[in-house]
Structures are given as C-alpha cells and as structure tokens.
Amino acid sequence: MFGRREPVPFAFLAEADRFRSNVTPPPRERSSLGEVAGRWLLGLTIVAGLVGSLVIGTPALTPDKTADQPQQSQASERR
C-alpha cells in the first residue's frame, strides 16, 4: 500500500544546529511599575496564605494532652 521509496535529504537537520541568524530579536519591553508591584503583591499573598494556613493548622496537629486519660461521660459521674 505504501510503496513510496523516495530518498529524503536530511542533511538540513544536521546543519540546523550550526545555523546563525543575522537578524537580532527586538529588545524586551521593560515591565511597568504596576506590573512589578502586582507580581510582588501576588507573591506576598501566596506566602501569607501559606504561613496563615500553617499557623491555623498547627494546633490541630499537636497531640491533645487529655487524650492520655480515659474519657468518662457525664452520665457516669452522676450517681
């Protein structure tokens, strides 16, 4: 079905890594003050969220001191 046996020149692939362009790309645009401030604010918000979740979640991870004692219900105390 696919009886096509034409030679394909792949020499251009070997030369591709040696190719140098004489066209320089345009210089990058400098970020405006608002963009820089926005990036800092986003980073600060993410860090504050991580620190806040750590501060709020830490008490839940500490072992409870009353867990060592067997629990008694209030009904067993009234006789």
Rounded to the nearest 0.5 angstrom, the CD-CZ distance for E35 and R30 is 12.0 Å

Find out whether W40 and L44 are in side-chain contact, i.e. whether some heavy atom of one side chain is under 4.5 Å from a heavy atom of the other.
-> no

With a cut-off of 6.0 Å (strictly less than), are more than 12 heavy atoms of other residues, nucleotides or ligands near CG of L61?
-> yes

Shared ILVMFWY cluster between L33 and L41, side chains joined below 4.5 angstrom?
-> no

Which heavy atom of L50 sits nearest a heavy atom of S53, and at what distance?
-> O-OG, 2.8 Å

